[in-house]
Amino acid sequence: PSPSPPPPSPPPSPPPSPPPYPPPMDCYFQATNGSDYEGDYNISLSGYTCLLWTVPPRVGPNLGYSIQFPYLQDSGNKCRNPDGDVRPWCYTDVAFLRWQYCPVPACPAPAPPWPPPAPPPP
């Protein structure tokens, strides 16, 4: 009798799927400077507790941003970037430091599309 052919090889495994985007972490998008950040950070870079956006800052003009940006009234004391600064920030709870940036990390760049786009025809 003739030998049996070897069993067929299994098909190659597809490459792993890219991670979901936006990433499942608390970060801000550098492209927008975090103006769309809605995460949970509520401390400043120096570790000071952020004030509620409805509470006027302790130094400087007595005008809370919730008056200029009403949507911040529901943001509690979370870091935000309502004025388009370079990253999310908050008013602090200390008299000598009116506001400070928050330690919110920048999000990683999005994964490239998969599968890669086909090259254009010649």
Side-chain angles (χ1 to χ4, degrees):
S2 62
S4 300
S9 299
S13 298
S17 297
Y21 199 73
M25 56 195 278
D26 199 350
C27 60
Y28 76 94
F29 295 106
Q30 289 179 297
T32 63
N33 290 340
S35 61
D36 52 356
Y37 174 73
E38 293 184 351
D40 292 327
Y41 274 82
N42 63 357
I43 58 167
S44 74
L45 279 171
S46 298
Y48 298 116
T49 301
C50 295
L51 289 176
L52 294 167
W53 287 97
T54 54
V55 174
R58 296 181 186 201
V59 293
N62 244 352
L63 178 64
Y65 260 78
S66 64
I67 295 168
Q68 294 181 29
F69 302 97
Y71 65 88
L72 290 178
Q73 291 180 2
D74 295 330
S75 293
N77 70 335
K78 307 291 172 61
C79 300
R80 298 291 183 257
N81 187 4
D83 60 352
D85 208 321
V86 298
R87 63 183 300 159
W89 59 275
C90 70
Y91 289 120
T92 69
D93 64 346
V94 292
F96 62 86
L97 188 65
R98 182 170 192 244
W99 67 274
Q100 192 174 44
Y101 294 118
C102 296
V104 181
C107 297
W114 191 260

Quick check: are the SG atoms of Cys90 and Cys50 less than 2.5 Å apart? yes
Is the closest side-chain heavy-atom distance between Thr92 and Arg98 below 4.5 Å? no
From Asn42 CG over to Leu52 CG, what is the distance, rounded to the nearest 0.5 angstrom? 10.0 Å
Any side-chain to backbone donor/acceptor pair from Gln73 onto Thr54? Under 3.5 Å, distance only. no
Got a second to check how far Leu51's CG is from Asp93's CG, nearest 0.5 Å? 6.0 Å
Within-4.5 Å side-chain heavy-atom neighbours: Tyr41 and Cys27: no
Check whether any side-chain heavy atom of Ser35 sits under 4.5 Å from a side-chain heavy atom of Phe29, and report yes or no. no
Val86-Val104 co-clustered via ILVMFWY side chain contacts under 4.5 Å: no
In Å, rounded to the nearest 0.5 Å, how long is the span from CG of Asn77 to CD1 of Ile43? 10.5 Å
What I want to check is whether the side chains of Tyr101 and Asp85 have a donor and an acceptor closer together than 3.5 Å. yes
Could you pull out the closest heavy-atom pair between Asp26 and Gly39, with the gap in Å? OD1-CA, 3.2 Å
CZ of Arg80 to OH of Tyr91: how many Å apart, nearest 0.5 Å? 14.5 Å
Exactly one candidate in Tyr28, Trp89, Tyr37 meets side chain to side chain contact (heavy atoms under 4.5 Å, CB included) with Cys79; the answer is Tyr37
Does the Arg87 side chain pair with the main chain of Cys102, one donor and one acceptor, at a distance under 3.5 Å? yes
Say you draw a straight line from CG of Asp83 to CG of Asn81; how long is it, rounded to the nearest 0.5 Å? 5.5 Å
